[in-house]
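Report on one structure; see the data block that follows.
All values reported here derive from a predicted model rather than from experimental measurement. Note on naming: letters A, B, ... go to the chains in the order of the sequence lines (proteins, then strands), and numbering restarts at 1 for each one.
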Amino acid sequence: AGQDVWDRCAGPSGGGYQSNPGWESREGQARGGGRGARGGGARGKHPPHLKGREIGLWYAKWGGIKRSEAERKSVRTYVTSYFDGDDPPEGPQKMGKVAEMEPDKKQKQEQEEEKEVKMKAKVEPRERDLEYLFQDLVRKPALDVELKSDFQAKAENPKYLEMLKFRETLPSYGMREVNLVQASRVVVISGETGCGKTTQVTQFILDDYIQRGAGSLCRVVCTQPRRISAISVAERVAAERAESVGEGRSCGYQIRLQSRLPRKQGSVLYCTTGIILQWLRSDPCLSSISHLVLDEVHERSLQSDVLLAVVRDLLHSREDLKVVLMSATLNAEKFSKYFDNCPMIHIPGYTYPVEEYLLEDVVEMLRFRPQHQDRRPRFPRSFLQNQWTRPEKEAQEAEYRQSWPCFARSLRDRFSDDTIEALERLDEDDKINLDLIVALIRHIVMNEDDGAILVFLPGWDNISGLNDLLMHAPDPCRVTMPLSDQVFKRPPAGVRKIVIATNIAETSITVDDVVYVIDGGKIKETHFDTQNNISTMAAEWVSLANAKQRKGRAGRVSPGKCYHLYNGLRASLLDNYQLPEIQRTPLEELCLQIKILKLGPIASFLRKTLDPPSEKAIELAITHLKDLNALDRSEELTPLGFHLARLPVEPHIGKMILFGALLACLDPVLTIAASLSFKDPFCIPLGKEKLADHRRKILSKNSKSDHLTIVNAFWGWEDAKRRGYKCEREFCWDNFLSANTLQMLHNMKGQFAEHLWAAGFVRSKDLKDSSANINSENEKLLKAVIVAGLYPKVAKIRPSLHKKRPMPVKVYTKADGKVCIHPKSVNAEETQFHYTWLIYHLKMRTSSIFLYDCTEVSPFSLLFFGGDISIQKDQEQETIAVDEWIVFQSPARIAHLVKNLKRELDVLLEEKIRQPRPVDWDDRGSSDCAVISAIIDLITTQESPSEAPWQERSWKAGQHWD
DNA sequence: GAGCACTGC
């Protein structure tokens, strides 16, 4: 008990392969099968007593690595036949348009349907979803009649009538301009949240068809930006129709890994935007959809912008498709223009009036005077501010400075001199003044009527700061913190509820009884800095759209008040909207999507979007994809690119998944992949940071790897779950893990495994299948697979020079120079490493440049799974280098051996990707197995740098990294 | 010594 899993699999020094359980059990099978006899059984394997360098020499002498083409073919035949008759069933690729069916075709249609039912009985649930998608929308007169009589029967249903009474009060109910939707191919419907457009418009369209006796020709699909809203809106609509959601009824939803599908025809489906983008792969014309409703397009998410561009093109080939865009009022016109000045319908708002105050009003009202900061800033403000600001923001700031004197003068008529001075002082400090917020909260509590207070702040540090202030303030301010039911419940009489939140409360979380909103005026935004090729996150001024949304949160139950903590001049300079996401993110994944959806040349498609990304960003993404070997020189998908595009993850993570499958360490690699593409399962509660760090460090089992820490956590969770719900809860609690996140990761892993199986990379859909996990407990190989996926995201460790007093190491990347390991990483305070290289996934510039996750990796893993190897002799030193920048000293003899072995590996992998099939681990004499096991053995048995055949090049030589 | 928000047949 308590023994390190990694210790168990590493075994005694030098005997790594012996303790690898996969090899032992498989040897017998291989011999029995006859195929293992080629080369004489043991010849596929070096003698167990050999260590790193000796293994290499042993393989160099052994000529069996080179094999004839004929031998390769024989292996291929074997594997192909293994899969015969076992191919995943594919849905029939039907394409069609909505069409009324002629009577004489009816019989044929019915036969088709019968066939369909038979097929359905055979297929698995996932394939059933697929088939659902390919359903043609062909008129079914019987269904039309049934739907119509059902609909008429609803007029007698008390539940339905009660709902109808409510629906009739919605502003959107009076706007039953379905005719306009029917008459024009594209319509923009604008209206603020609360007007009911999301729930009503889809129903109007459907009910109109049903009443006209054409219900079977109507299939409305409505996209939502968030999973939660897809489910909750579908449930709401089902309730309004006095039905339950899904299961062949008139309303359902589909989100990733979760669906309750409505009947195929005469229904409304709510789904996330990503789902439709995935649909397009199998059905580029969306032939089964009669009406596509895109909700919340004003949010300008990457996916909705892409879908808009696709749909605009699609309208050329789908003349019968009706498209409805739903937007906030502020920029509805922009969408209309994008669609050739299509008609617009406006639905008036539904919220109560909200009184707005600006900073000067608040300061005057509270007679607030900012305290002098005792602590002088370490740097002049200009330095701190301009360190990384974006050019467009700088111009705005300049305009603000220039206009300030004039603005201040204009305030003199209405505000006291003290207030104006206070405004100037508040302005000097770039940070949000929490004292002001405390004073404002106190004012509301003492002087205003009942109602919850919602405070918007940009991030965790502000939230925790304000929390501290409120906790230590004299009565009557007392706050309970973490997100719990209390946030949504109404407090008992005499208790004031105060909710402090980030912009999560703008869209994702709704607190019903809010009457007072304090808008801190800032929001954290990620950007992609194309100049320096790095993602950034910083607090920026909100946009008018954010401010409006925040204000709206105060008027849900009664008239409310909203206090914006920026002055009138700032308010006049706010952007209308945040920059669309497509201009703020790296585009690699999107480029692959464009290729697999066959949307034309990447740049020309992207230029067709509403607000195209910069040419520089496009160019960077394409270059990166070429470096990854996902795109060839003419920007076409390579075989690798094809598989990466099909996996629902970004390309680096996809590559890691493929390598995990080929190198038979599937389960742990999928855990890592799922967590990198979603989020890691750890929580760090306010005030428990140290303890949480400590627990994570224990889970890391000294692997010096955040990625393996997650694997350990996941295995621990699976184990605990097997022992029952109580154990699971306890395990999560003790280790600061989120059970919800772990469950989602579990589901995602299943999805990845299914993809791999469908593509032929693994034998079984089961990611725990033993043939896919022969090497799953080989820590060093896992690290190598992480390199294979994430390369070239490599950082170099400069060990601390103080031998006696261990100091945290310094870390450098080639492009950025010195970077920091993020404090939540298990390597953050590490002083001792075995090697001097780290591989990471997320790097972001916030207060500094941080590596958010990293794993220590060995030279061997970089040599075999990194870039091109070059061998050089410079300054009397023989060196081997990866992509000419990760340089090791090495005797030329060894270097050439490694280079040759790597070349063999590359040939093998390319063939595997070109013709996916699992490595035949049973046949130890096979060519696949020989090369791969040689490399695995080298990686596994290299114990420490002192045993390696080369040395780290001295730091001095690599100093250009500074 | 630090964690805006989302999403994927």
Would you indicate which nucleotide in dA2(B), dC9(B), dC4(B) comes nearest to any side-chain atom of Phe850(A)?
-> dA2(B)
Taking the side chain as every heavy atom from C-beta outward, state whether Phe456(A) and Val542(A) have any atom pair closer than 4.5 Å.
-> no
Presence of Arg227(A) side-chain N/O under 4.0 Å of dG8(B) phosphate oxygens OP1/OP2 | yes
Glu588(A) CD to dT7(B) C1': how many Å, rounded?
-> 17 Å
Which nucleotide in the set dG3(B), dA5(B), dG8(B) lies at the smallest distance from any side-chain heavy atom of Thr502(A)?
-> dA5(B)
Can you tell me the distance, in whole Å, between the NZ atom of Lys522(A) and the P atom of dA5(B)?
-> 17 Å
Side chain of Ile504(A): nearest nucleotide among dC9(B), dA5(B), dC4(B)?
-> dA5(B)
Nearest-nucleotide 5' precedence on DNA chain B, Glu525(A) against Ser677(A) | Glu525(A)
Mind jotting down which residue pairs meet the side-chain hydrogen bond (donor to acceptor under 3.5 Å, both in side chains) criterion with at least one end in residues 680-689 of chain A? Sequence neighbours excluded, please.
-> Asp680(A)-Lys824(A)
Of the candidates dT7(B), dC9(B), dC4(B), the side chain of Gln751(A) sits closest to dC9(B)
Between Met537(A) and Glu650(A), who's closer to the 5' end of DNA chain B by nearest nucleotide?
-> Met537(A)
Would you check if Lys843(A) and Tyr852(A) make a side-chain contact, meaning some heavy-atom pair closer than 4.5 Å?
-> no
Atom-to-atom span, CD of Glu296(A) to C1' of dA5(B) - whole angstrom | 14 Å
Examine the base of dC6(B) for any acceptor or donor lying under 3.5 Å from a partner atom in the side chain of Ser301(A), and report the outcome as yes or no.
-> no
Within a strict 4.5 Å, meaning less than it, do heavy atoms of the Leu257(A) and Gln751(A) side chains meet?
-> yes
Classify the nucleic acid contact of Gln593(A) as base, sugar-phosphate or nothing, counting any heavy atom under 4.0 Å across all strands shown.
-> base
Met748(A) has an atom CE; how far is it from atom C1' of dC9(B), in whole Å?
-> 14 Å
If you measure from CD1 on Ile275(A) to OG on Ser259(A), what distance do you get to the nearest 0.5 Å?
-> 8.0 Å
Select one nucleotide: of dA2(B), dT7(B), dC9(B), the one nearest the side-chain heavy atoms of Gln278(A).
-> dC9(B)
Tell me what Thr526(A) touches on the nucleic acid: a base, only sugar-phosphate, or nothing, going by heavy atoms under 4.0 Å.
-> base
Using only heavy-atom distances, decide whether a donor-acceptor pair under 3.5 angstrom links the side-chain of Glu589(A) to the base of dG8(B).
-> yes
Rounded to the nearest Å, what distance is computed from the CD1 atom of residue Ile596(A) to the P atom of nucleotide dC9(B)?
-> 13 Å
How would you label the contact of Ile523(A) with the nucleic acid (heavy atoms, under 4.0 Å): base, sugar-phosphate, or nothing?
-> nothing
Tell me what Ile255(A) touches on the nucleic acid: a base, only sugar-phosphate, or nothing, going by heavy atoms under 4.0 Å.
-> sugar-phosphate
Could you work out which one of dC4(B), dT7(B), dG3(B) sits closest to the side chain of Thr272(A)?
-> dT7(B)
Pick base, sugar-phosphate or nothing for Arg256(A), based on heavy-atom distances below 4.0 Å to the nucleic acid.
-> base
Inter- and intrachain pairs under side-chain hydrogen bond (donor to acceptor under 3.5 Å, both in side chains), touching residues 581-592 of chain A, at least two apart = Glu588(A)-His624(A)
For Glu689(A), which contact category applies under a 4.0 Å heavy-atom criterion: base, sugar-phosphate, or nothing?
-> base
Separation of Gln578(A) atom CD from dC6(B) atom P, in whole Å?
-> 13 Å
Whole Å only: how far is the CG atom of Asn462(A) from the P atom of dC4(B)?
-> 9 Å
Taking atom P of dA2(B) as reference, at what distance in whole Å does atom CZ of Phe736(A) sit?
-> 20 Å
Thr846(A) side-chain N/O to dG3(B) phosphate OP1/OP2 under 4.0 Å = yes
